[in-house]
Amino acid sequence: MSAQVLEKILAIVTDIQKELQDIREEQQALKNGQKELYDLMNALLHRQEETDAKLEALTMDVHHMRGEMTAMKQEIHALNEKIDSHYEQFNERLNNLQLDVDFTVHKTTMTERELFKMRNRLFS
């Protein structure tokens, strides 16, 4: 083979080697980018797991608080019923006292009247 043909082949091989080197560099850049994406995806998955755990904890807290609120409402309802019962008893006692006072005032008035009549008879 002639020197010219060899030089052409050598130039073609050199060009192929340059292109191959470029392809290897691009391949390495793609691998690096893929690794970055993989690391980013793992970080996102980890953060998502943390977020899910926090959300689950908040959900549990909300359920617990709802249970406590329901218990408090029941206690308040029971206390209101107890207060109403005591109020009715107190009102009844107060009414009875008022009746007793009215009766005593009436009896006192009657007694005073009788005493007045007796005095008038005695001293007239």
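- Applying the salt bridge (Lys or Arg N to Asp or Glu O under 4.0 Å) test to pairs two or more places apart or on separate chains, those with a residue in residues 18-43 are Lys35-Asp39.
- For the pair Thr109 and Arg113, the minimum side-chain heavy-atom distance is below 4.5 Å.
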Taking only distance into account, with no hydrogens and no angle test, what donor-acceptor pairs under 3.5 Å do side-chain atoms of residues 84-94 form with protein atoms, sequence neighbours excluded?
| unit_1 | atom_1 | unit_2 | atom_2 | d |
| --- | --- | --- | --- | --- |
| Tyr87 | OH | Asn91 | ND2 | 3.2 |

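- For the atom pair His106 NE2 and Thr111 OG1, the distance stands at 9.5 Å (nearest 0.5 Å).
- Leu20 CG to Thr14 OG1: the interatomic distance, rounded to the nearest 0.5 Å, is 12.5 Å.
- Applying the side chain to side chain donor-acceptor pair (under 3.5 Å) test between Gln98 and each of Asp102, Asn96, Asn95, Asp100 identifies Asp102 as the sole match.
- If you chain together hydrophobic residues whose side chains sit under 4.5 Å apart, Val13 and Val5 fall into the same group.
- Of the residues Gln74, Glu75, Glu81, the one that meets the side chain to side chain donor-acceptor pair (under 3.5 Å) test with His77 is Glu81.
- Once rounded to the nearest 0.5 Å, the distance linking NZ of Lys54 with OG1 of Thr51 reads 6.5 Å.
- Summarising the geometry, atom CD belonging to Glu68 is positioned 13.5 Å from atom NZ belonging to Lys73; distances are rounded to the nearest 0.5 Å.
- One finds the CG atom of Leu30 at 11.5 Å from the CD1 atom of Ile23 (value rounded to the nearest 0.5 Å).
- For CD of Glu50, the number of neighbouring non-hydrogen atoms (other residues, nucleotides, ligands) closer than 6.0 Å is greater than 12.
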